[in-house]
Amino acid sequence: MTRSSKIISTPIVGLFLFFCCWTNMEKAAAEEENYIKYKDPKQPMNARIKDLMKRMTLAEKIGQMVQLDRENMTAEIVRDYKIGSVISGAGSVPRLKASALDWTNMVNYFQNGSLSSRLGIPIMYGIDAVHGHHNVYKATVFPHNIGLGATRDKELVKKIGIATALEIRATGINYAFAPLLAVCRDPRWGKCYESYSEDPKIVTEMTDIIYGLQGDIPNNVRKGLPFTGGKDKVAACAKQFVGDGGTTNGINENNTVIDWHGLLSIHMPAYDQSIIKGVSTIMVSYSSLNGTKMHANRDLVTDFLKKTLKFRGFVISDWLGIDKITYPPHSNYSYSVFASVQAGIDMVMVPYNYTEFIDTLTDHVNNKRIPMSRINDAVKRILKVKFSMGLFENPWADQTFVNKLGSQAHRDLAREAVRKSLVLLKNGENADSPVLPLPKNTSKILIAGTHANNLGYQCGGWTMTWQGLSGNNHTAGTTILSAIAAAIDPNTEIVYSENPDSEFVQSNNFSYAIVAVGEHPYAETFGDSPNLTIAEPGPNVINNVCGRVKCVVLLVSGRPLVIEPHIRSIDALVAAWLPGTEGHGIADVLFGDYGFTGRLPRTWFKTVDQLPMNVGDPHYDPLYPFGYGLTTNPIESS
Ligand SMILES: *[C@@H]1O[C@H](CO)[C@@H](O)[C@H](O)[C@H]1NC(C)=O
Ligand SMILES: *[C@@H]1O[C@H](CO)[C@@H](O)[C@H](O)[C@H]1NC(C)=O
Ligand SMILES: *[C@@H]1O[C@H](CO)[C@@H](O)[C@H](O)[C@H]1NC(C)=O
Ligand SMILES: *[C@@H]1O[C@H](CO)[C@@H](O)[C@H](O)[C@H]1NC(C)=O
Ligand SMILES: *[C@@H]1O[C@H](CO)[C@@H](O)[C@H](O)[C@H]1NC(C)=O
Ligand SMILES: *[C@@H]1O[C@H](CO)[C@@H](O)[C@H](O)[C@H]1NC(C)=O
Ligand SMILES: *[C@@H]1O[C@H](CO)[C@@H](O)[C@H](O)[C@H]1NC(C)=O
Ligand SMILES: *[C@@H]1O[C@H](CO)[C@@H](O)[C@H](O)[C@H]1NC(C)=O
Ligand SMILES: *[C@@H]1O[C@H](CO)[C@@H](O)[C@H](O)[C@H]1NC(C)=O
Ligand SMILES: *[C@@H]1O[C@H](CO)[C@@H](O)[C@H](O)[C@H]1NC(C)=O
């Protein structure tokens with residue numbers, strides 16, 4: 001019974017009200033009936049969460065805990081199963097070379113499904129964005145984290161966060177799986193380039209990227225609460241918790257054996273800082289800690305991360321991460337669901353078979369193996385992030401941002417990052433005979449090597465696809481070769497040869513040669529390497545060119561490689577890491593428009609049998625120590 005019918009049931013009062021203000025009363029009552037507290041942005045966040053939780057069925061709660069990939073997914077599935085989040089896994093794109101507008105239309109399509117459900121809880125749409133918005137055609141691709149670690153410049157990294165958030169929003173997406181906070185302790189690990197440094201202090205400082213992605217925390221937001229401010233910001237995800245960079249022999253997803261002191265001093269500080277900086281979500285690592293899978297590690301996820309560190313956002317699993325709790329993966333899914341949710345994982349990146357996950361979790365709850373309080377905790381955390389992002393007020397992709405994708409301003413920022421990331425390891429035999437900077441105006445130069453004219457190699461893994469690509473037509477950018485061509489004096493003749501033989505080199509009168517070699521693209525697991533050699537025919541190119549002509553070698557790689565056998569014949573050596581789409585940044589420094597300033601974020605070993613070897617270790621005997629890097633002065637322009 002509504003309040004108005006109660007009142008007019010008294011005849012005299014009713015008659016009075018009818019003539020005087022019945023219509024107003026009716027209107028107010030109707031408003032009250034339609035009033036939905038959780039949809040009222042003027043209500044405090046906790047009141048909105050409480051109101052919404054009260055209205056939710058078990059199915060609606062479990063739906064919020066589900067994250068699905070867009071592949072073969074429909075808006076109807078999102079609506080009918082009340083799915084909490086949709087993602088694009090690596091390479092999962094609306095179509096080849098999709099535009100920003102295509103992306104926004106796709107995100108809005110799924111959002112419409114979600115908003116058509118009974119309670120209309122908007123979805124978070126997530127994507128990996130570990131060096132810019134790299135899944136998207138024509139996005140700005142920044143240097144991978146190892147290069148950013150070499151800059152030692154956390155303000156620059158924050159600006160990269162701001163730019164990346166804008167490019168992500170340009171495609172309608174509101175959630176980024178970044179930053180990666182692994183402290184890589186062994187370069188044989190294929191994800192080592194995603195790590196800023198072997199030094200926890202550098203990794204911890206670089207968590208300022210969270211301010212870039214999510215926005216600066218206003219003073220009135222309590223420390224530790226998730227915070228994402230504004231339509232140009234995205235929810236971030238610190239990953240992968242915890243110890244992923246410390247596995248035995250750098251084997252991906254393997255076991256990290258470490259004591260509490262080591263864990264707390266090496267792998268944990270960046271998470272502590274991320275929580276202070278308002279990070280919205282944290283992703284769990286595939287790896288194990290002392291033999292316990294992190295996806296099933298209640299001590300670390302619930303007791304330490306949530307209780308001790310007071311993380312109030314939500315914890316998410318990695319792609320098929322709960323399946324991998326058992327070996328072989330998915331061999332006991334019931335146990336995987338039980339162990340992961342009980343460990344404290346709030347949202348599960350399923351990412352395909354939603355009915356299997358939902359049925360399994362529902363069964364655990366109905367049979368009281370998983371208490372309702374655990375489900376409520378998970379859902380409250382997810383809603384807290386959604387409310388704190390302003391998602392209920394602004395669920396739709398804002399198409400006014402589409403021109404931010406790959407904008408010139410962002411490319412200029414990436415170019416700055418490239419030139420600051422380069423580490424000069426050798427520059428002539430001594431300080432009196434520097435090779436760099438190189439003259440722009442000379443007769444004839446040689447550009448050689450597999451990596452000189454290959455944008456895909458320059459970007460590395462996590463670019464357009466998971467494991468990365470070869471070639472120049474997958475996205476927009478500037479190769480090292482075209483950057484050199486643009487920088488050089490028009491009088492200088494450039495000869496380009498990917499793999500020249502020694503006679504060719506000798507018979508030409510080159511003033512100097514620039515050789516770009518390194519690793520072919522890779523990402524996790526596939527990139528694990530026990531030998532860390534330069535990819536073929538790189539060593540051959542060095543042998544054929546260096547010693548015959550003055551040569552500068554650019555190593556395009558995700559980590560230090562075996563270089564000692566070649567170092568004597570090389571006149572100048574530059575660690576270029578994986579610079580991304582803006583090759584101009586390399587030419588800027590080679591020719592002295594800017595000086596070299598980068599410093600090694602990692603120890604450069606002599607031989608792989610020294611590994612693992614990190615700064616501070618006893619018996620530290622590197623080829624180039626952590627922090628090493630020669631500098632040059634920019635040439636005064638006349
Ligand atoms: C999506 O559908 C296509 C066509 O039916 C199928 O080949 C593919 O395996 C499906 N992908 C997934 C992840 O289920
Ligand atoms: C949004 O969802 C409604 C209801 O499910 C549907 O009728 C409508 O066509 C959808 N609109 C778009 C643009 O997808
Ligand atoms: C670590 O790698 C070894 C060798 O491949 C393997 O036997 C072992 O099962 C792995 N451990 C974990 C926890 O994945
Ligand atoms: C891991 O195991 C070692 C002994 O093998 C022990 O010293 C250490 O404390 C354990 N680490 C943690 C985090 O429990
Ligand atoms: C799954 O794991 C649980 C807990 O270890 C065990 O009790 C159960 O028998 C397993 N089920 C299967 C099918 O292996
Ligand atoms: C999803 O899982 C269920 C239950 O294990 C299984 O019957 C079904 O075939 C799976 N669906 C797909 C598309 O793999
Ligand atoms: C480059 O060198 C050539 C030949 O030495 C000279 O003619 C030309 O003026 C130089 N160009 C510039 C821009 O200095
Ligand atoms: C790039 O070029 C290669 C070879 O010409 C072709 O096979 C490939 O489809 C092209 N890729 C794109 C994204 O256009
Ligand atoms: C080689 O080039 C230099 C200028 O870079 C020139 O002085 C010299 O004469 C050239 N030698 C031959 C054999 O062409
Ligand atoms: C080094 O390891 C890589 C990847 O594991 C492999 O492809 C390559 O053949 C190895 N090179 C040598 C010289 O053993």
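Just so you know, these numbers come straight off a predicted model, no measurement behind them. Counting convention: from 1, in listed order, for ligands and their atoms alike.
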Atom 9 (O) of ligand 3 [closest protein heavy-atom partner, distance rounded to 0.1 Å]: Asn254 ND2, 4.9 Å
Salt bridge (Lys or Arg N to Asp or Glu O under 4.0 Å) involving Arg55 - partner list, sequence neighbours excluded: Asp51
Atoms of ligand 3, numbered as shown, that sit under 4.0 Å from any heavy atom of Ser288: 13 (C)
Nearest heavy-atom neighbours spanning His295 and Ser285: ND1-O, 3.0 Å
Face-on cation placement of Arg419 at Tyr594 ring, 6.0 Å and 45° thresholds: yes
Protein residue, atom and distance nearest to atom 14 (O) of ligand 7, heavy-atom basis: Asn441 ND2, 3.3 Å
Atom indices of ligand 3 within 4.0 angstrom of Glu253 heavy atoms, with elements: 14 (O)
Geometric class of the Trp319/Tyr352 ring pair [parallel <30°, tilted 30-60°, perpendicular >60°]: perpendicular
For atom 4 (C) of ligand 2, the protein heavy atom that lies nearest, with its residue and separation: Ser116 OG, 3.6 Å
Subset of ligand 2 atoms that lie under 4.0 Å from at least one heavy atom of Arg79: 5 (O)
Cation-pi check, Lys324 onto Tyr286 ring (under 6.0 Å, within 45° of axis): yes
Phe311 six-ring face occupied by Lys306 cation (under 6.0 Å, within 45°): no
Student check: side-chain heavy atoms of Leu289 and Leu263 closer than 4.5 Å: yes
Any protein heavy atom nearer than 4.0 Å to atom 2 (O) of ligand 3: yes
Within-cutoff protein neighbour (heavy atom, under 4.0 Å) for atom 11 (N) of ligand 2: yes
Those atoms of ligand 7 less than 4.0 Å from some heavy atom in Asp489: 11 (N), 12 (C), 13 (C)
Polar side chain donor-acceptor pair, Trp189 to Asp528, under 3.5 angstrom: no
Polar contact flag for Asn112 and ligand 2 (N/O pairs, less than 3.5 Å): yes
Heavy atom of the protein closest to atom 7 (O) of ligand 7 (residue, atom name, distance): Asn491 ND2, 4.8 Å
